[in-house]
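Sequence positions, counted from 1, serve as the residue numbers for this chain.
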Amino acid sequence: MDNFNDDGLECGPKSRDHTIFIHQNRIGRILSVFTQHEIDKDTSPVDHDATKGVFVFRNVIDMRGGVCYQTPGEPDPTGAFLRHEGHFVGDHGGPVWSVLHVYHNTLLRDTPVFRDSFLFGLGSQGLRNTERDVFNNIFVQSGSVPGIGMSGMKTAERVREGGNILWGMKDGPLMKTDPFAKFRASPLFISSKTVHPPGWTTDDRVIDPKLVAEGVSLQSGSPALNSGIVIPSEWPDPLREADSGAPDIGALPAGAQPWGVGVDGRVPLGN
């Protein structure tokens, strides 16, 4: 899926026991990758089967380059209107989202998401009356280091997360302070321990994942090697057996060959 200037993947409202698997895809430039619309009548249950939900794993999601969002009112020789970079998480009307389990993905952007939301929005948006897991993903921006904006959240929503690597290719090497320090001194960090005992960001790192030139495989010596959190065995993972030692972070464990997508695999997984 690539170059689509509208909503991308919508899995429906929260249900008690529905199961959807989204894995081993290359998802490119989309205005909004994961979306949710308001439904006429909210039938979402208060609880759900903890082994069910939407499982998003082993995907490369590359938003770099953007899409044509709107036609300019006057000539624009820069062509900037062709490169509007969308968002990973967005909804319409404040719906109740599906329960999402997002793990072992590599997510790439040029610019910050709306309000520089935590984990490209996966850690802070669309969480009313639902819950989410975000583990062992790589989040890379071409410019600044991804932020940890919480979009006005006062007390922690039901998010469990950790083992994630965040990096800004331009600004990351220039960092002189801990980007998590301010958040970890806040009441919201303390509140996050009530839903995820280590506390949000505790098991995350801002560090260069050392991806190879095609943007998805790990170089030798990458900090993503053998440094992830063990994922529950009941969560599906076709590359679990190929990942020796502790889990590697990102879409591809060391030694795994990037697969092609599309007809006859003609589209490369990375750049």
Side-chain angles (χ1 to χ4, degrees), residues 1-11 22 25-37 56 58-92 97 100 102 104-127 132 134 137-152 161 164-175 179 204 206 208-209 211-216 250-251 258 261-262 267-271:
M1 181 182 293
D2 185 73
N3 195 19
F4 186 56
N5 61 349
D6 209 328
D7 299 325
L9 302 171
E10 178 158 347
C11 298
I22 301 172
N25 299 286
R26 184 195 183 280
I27 300 172
R29 301 159 297 163
I30 297 176
L31 191 62
S32 186
V33 177
F34 297 105
T35 63
Q36 186 65 53
H37 286 69
V56 182
R58 301 295 184 188
N59 300 286
V60 173
I61 306 177
D62 187 351
M63 301 286 284
R64 295 173 298 178
V67 297
C68 179
Y69 179 46
Q70 58 187 8
T71 304
E74 56 187 37
D76 180 4
T78 69
F81 67 97
L82 298 171
R83 298 186 293 273
H84 179 90
E85 195 165 11
H87 304 289
F88 278 97
V89 182
D91 61 43
H92 306 272
W97 279 66
L100 294 177
V102 184
H104 285 300
N105 301 280
T106 297
L107 304 97
L108 308 169
R109 291 184 59 84
D110 283 324
T111 61
V113 298
F114 182 60
R115 295 180 178 174
D116 222 357
S117 294
F118 185 41
L119 302 178
F120 287 175
L122 291 168
S124 61
Q125 295 178 254
L127 293 168
R132 191 170 298 160
V134 188
N137 303 284
I138 294 176
F139 298 86
V140 175
Q141 287 179 174
S142 300
S144 60
V145 174
I148 53 171
M150 296 299 177
S151 303
E161 66 84 27
N164 300 295
I165 286 180
L166 292 75
W167 187 242
M169 295 176 64
K170 179 181 178 182
D171 293 350
L174 306 177
M175 285 189 311
D204 300 324
V206 176
D208 185 353
L211 300 173
V212 300
E214 41 84 359
V216 294
V261 298
V267 179
L269 186 61
N271 294 336

Closest contact, heavy atoms only, [X] versus [Y]:
X	Y	value
P173	G168	CD-O, 3.7 Å
C11	I22	SG-CD1, 3.8 Å
G90	S32	N-OG, 3.7 Å
R26	D2	NH1-OD1, 3.7 Å
V140	M169	CG1-CG, 3.8 Å
E214	P258	OE2-CG, 3.8 Å

Under 3.5 Å: donor-acceptor pair, side chain of [X], backbone of [Y]:
X	Y	value
D204	L166	no
T106	V216	no
R132	Q125	yes
D110	G143	no
R58	G250	yes
R29	N5	no

In Å and rounded to the nearest 0.5 Å, what is the [atom1] to [atom2] distance from [X] to [Y]?
X	Y	atom1	atom2	value
L269	N59	CG	CG	9.0 Å
S144	R109	OG	CZ	9.5 Å
M1	N25	CE	CG	8.0 Å
D91	T35	CG	OG1	8.5 Å
E85	F114	CD	CZ	15.0 Å
F34	I27	CZ	CD1	5.5 Å

Do [X] and [Y] have side chains that get closer than 4.5 Å, going by heavy atoms?
X	Y	result
V67	N3	yes
L211	I138	yes
I61	F120	no
S117	V89	no
I165	F139	no

(request) Give me the ring orientation class for H84 and Y69: parallel if the planes are under 30° apart, tilted from 30 to 60°, perpendicular past 60°. (result)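 Taking Y69 first and then H84, their aromatic rings lie parallel (interplane angle under 30°).
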(request) With L122 as reference, evaluate V33, N105, V134, V113 under the side-chain contact (heavy atoms from CB on, under 4.5 Å) test and give the passing residue. (result) V134
